[in-house]
Amino acid sequence: MQETRLDTARIRAARRVIDPVFLDTPLYRCEALEPDLGCTVSIKLETANPVRSFKARGTEVVASLLAGHGSRAAVCASAGNLGQALAWSGRGRGIDVTVVASRFATVAKLDRIRALGARLELVDGDHEMARERAAAIARHDGIRLVEDSLDLETCEGAATIGLELVDTVPAFDAVLIALGGGALATGVGHVVKALAPEVEVICVQPLGAPAMTHSWRRRRVVTTDSTDTIADGVAGRRPVPAVLDDLLLVADDAVLVQETSIMAGMRMFLDQAGLVVEPSAALGIAAILEDRDRFAGRHVVTIVCGSNVDVDAYRRWIGAASTHRS
């Protein structure tokens, strides 16, 4: 495999600085999902932790390095999950954290960021506007800007999931990874291709937020003017060139799925696995639902990457999924 920015030795070392509460997350075969999907399905559950997403694996690495260098402040832009994770990791290391988010972000995520002690600043725009504001704060205050996916720590922290997959799962054929900014996909993809190259790495993104998938397909950065998806955690418009370069080296495919399939996947997780998941976490199941023939008879791992949902919105989505199935 050609070299990405990531390093397997650093990824192994990352496990030593990540709080154990975020490591060795549940991994199991979910037989209840299999009759409807037509394949063997294993779940890597990244929601059974204090911030209910995989993001703290990366922020633990970031915060550890900041504390080691005597840094006492950091800022990030977030749709919600990264902000919670950085707030949690910073709080334990005496780092003042500022999170910039869209005023239209999931309320439950914003409330949790505040509860974890971070300063929250809201912008009247989308995530890309939040990124611009966070960068401005970092320049003005002279503090560390934490940029999800661009910062290697966020990718290599997420990559520890890959180590756990290849070390513990019986032979599997494919791993389905939610694709947004790319930290999860490039991190897990790097490890899988380095240690289990025969496994197919498939990235999944909503049709309503296709920038990174279009970029992967065209092998150059493609931006979009807007996004339209319930999967706020992956709703970026401007891929980072360095992250795309990494993704091109580790992803075997990138697919787009419809909103109805995402909602159906969320409903299946609730009904058949007893799991409340956010839309981004259902992307893998959505991909199987839309192309059962591709996965028939195979053993597929899907990473359940987050479970921070607005309860009212979740009920609407699940209700819509029930209507769609009936």
Pairs satisfying salt bridge (Lys or Arg N to Asp or Glu O under 4.0 Å), at least one member in residues 18-27, at least two apart
Arg15-Asp24

Let me see the working for Arg219 and Leu248 under side chain to side chain contact (heavy atoms under 4.5 Å, CB included), right down to the final yes or no.
CA-CA 7 Å; Arg219 304 189 70 82; Leu248 288 169; 3.7 Å; yes

Check whether any side-chain N or O of [X] sits under 3.5 Å from a backbone N or O of [Y] as a donor-acceptor pair, and report yes or no.
{"X": "Glu46", "Y": "Gly306", "result": "no"}
{"X": "Glu290", "Y": "Ser261", "result": "no"}
{"X": "Glu278", "Y": "Ser307", "result": "yes"}
{"X": "Asp126", "Y": "Met129", "result": "yes"}
{"X": "Lys44", "Y": "Thr25", "result": "yes"}
{"X": "Arg52", "Y": "Ala48", "result": "no"}
{"X": "Thr154", "Y": "Ala183", "result": "no"}
{"X": "Asp252", "Y": "Val201", "result": "yes"}
{"X": "Thr59", "Y": "Ala85", "result": "yes"}
{"X": "Lys193", "Y": "Val199", "result": "yes"}

Do any side-chain atoms of residues 204-213 form donor-acceptor pairs under 3.5 angstrom with protein atoms, and if so which ones, sequence neighbours left out?
from	atom 1	to	atom 2	distance (Å)
Gln205	OE1	Thr213	N	2.8
Gln205	OE1	Thr213	OG1	2.7
Gln205	NE2	Leu179	O	3.2
Gln205	NE2	Ala209	O	3.2

[X]: partners by salt bridge (charged side-chain N to carboxylate O under 4.0 Å, His left out), with sequence neighbours left out:
{"X": "Asp151", "result": "Arg144"}
{"X": "Asp245", "result": "none"}
{"X": "Arg112", "result": "none"}

Worked verdict on Arg12 versus Glu156 for salt bridge (charged side-chain N to carboxylate O under 4.0 Å, His left out)
CA-CA 9 Å; Arg12 292 192 184 279; Glu156 291 182 342; over 6 Å; no

Evaluate side chain to side chain donor-acceptor pair (under 3.5 Å) for Gln84 paired with Ser53, printing each intermediate quantity in order.
CA-CA 9 Å; Gln84 290 181 70; Ser53 83; over 6 Å; no

Min side-chain heavy-atom separation [X]-[Y] under 4.5 Å:
{"X": "Thr302", "Y": "Ile288", "answer": "no"}
{"X": "Thr4", "Y": "Val250", "answer": "yes"}
{"X": "Leu249", "Y": "Glu3", "answer": "no"}
{"X": "Arg91", "Y": "Leu116", "answer": "yes"}
{"X": "Glu34", "Y": "Cys39", "answer": "no"}
{"X": "Glu259", "Y": "Thr229", "answer": "yes"}
{"X": "Ile202", "Y": "Val175", "answer": "no"}
{"X": "Thr160", "Y": "Phe54", "answer": "no"}

Decide whether [X] and [Y] are clustered together by the hydrophobic rule: side chain heavy atoms of Ile, Leu, Val, Met, Phe, Trp, Tyr closer than 4.5 Å, transitively.
{"X": "Trp216", "Y": "Leu184", "answer": "no"}
{"X": "Ile95", "Y": "Val17", "answer": "no"}
{"X": "Val304", "Y": "Tyr28", "answer": "yes"}
{"X": "Val300", "Y": "Phe269", "answer": "yes"}
{"X": "Leu270", "Y": "Val41", "answer": "yes"}

Pairing of Arg237 and Glu128 as salt bridge, 4.0 angstrom limit
no

Evaluate side chain to side chain donor-acceptor pair (under 3.5 Å) for Ser42 paired with Arg29, printing each intermediate quantity in order.
CA-CA 4 Å; Ser42 288; Arg29 180 179 171 187; over 6 Å; no

Among Val123, Leu120, Leu122, find the one that has a side-chain contact (heavy atoms from CB on, under 4.5 Å) with Val100.
Val123

Pair Lys55-Asp148, salt bridge (charged side-chain N to carboxylate O under 4.0 Å, His left out): steps then yes or no:
CA-CA 9 Å; Lys55 294 287 188 180; Asp148 199 18; 2.5 Å; yes

Considering all heavy atoms, the nearest [X]-[Y] contact:
{"X": "Gly80", "Y": "Ile113", "value": "O-CD1, 3.8 Å"}
{"X": "Arg217", "Y": "Val255", "value": "NH2-CA, 3.8 Å"}
{"X": "Ser78", "Y": "Ala101", "value": "O-CB, 3.3 Å"}
{"X": "Gly125", "Y": "Phe104", "value": "O-CD1, 3.9 Å"}
{"X": "Asp7", "Y": "Arg10", "value": "OD2-N, 2.8 Å"}
{"X": "Leu150", "Y": "Ala242", "value": "CD1-CB, 4.4 Å"}

Quick one: pull up [atom1] in [X] and [atom2] in [Y] and give me the separation to the nearest 0.5 Å.
{"X": "Ile161", "Y": "Ile303", "atom1": "CD1", "atom2": "CD1", "value": "5.5 Å"}
{"X": "Glu60", "Y": "Leu86", "atom1": "CD", "atom2": "CG", "value": "10.0 Å"}
{"X": "Ile43", "Y": "Leu33", "atom1": "CD1", "atom2": "CG", "value": "5.0 Å"}
{"X": "Ile143", "Y": "Asp141", "atom1": "CD1", "atom2": "CG", "value": "5.0 Å"}

Walk me through it: do Arg238 and Glu132 pass the test salt bridge (charged side-chain N to carboxylate O under 4.0 Å, His left out)?
CA-CA 12 Å; Arg238 302 174 190 166; Glu132 293 170 2; 2.8 Å; yes

Between His190 and Thr186, does the side chain to side chain contact (heavy atoms under 4.5 Å, CB included) criterion hold? Intermediate values first, please.
CA-CA 6 Å; His190 173 87; Thr186 60; over 6 Å; no

Between Arg220 and Val222, does a side chain to side chain contact (heavy atoms under 4.5 Å, CB included) hold up when you go through it step by step?
CA-CA 6 Å; Arg220 62 176 177 84; Val222 176; 3.9 Å; yes

Evaluate the side chain to side chain donor-acceptor pair (under 3.5 Å) criterion for residues His127 and Ser102: first the C-alpha distance (whole Å), next the side-chain angles of each, then the deciding distance (0.1 Å), finally the verdict.
CA-CA 6 Å; His127 181 65; Ser102 168; over 6 Å; no

Side-chain donor-acceptor distances from residues 61-76 under 3.5 Å, at least two apart:
from	atom 1	to	atom 2	distance (Å)
His69	ND1	Leu65	O	3.3

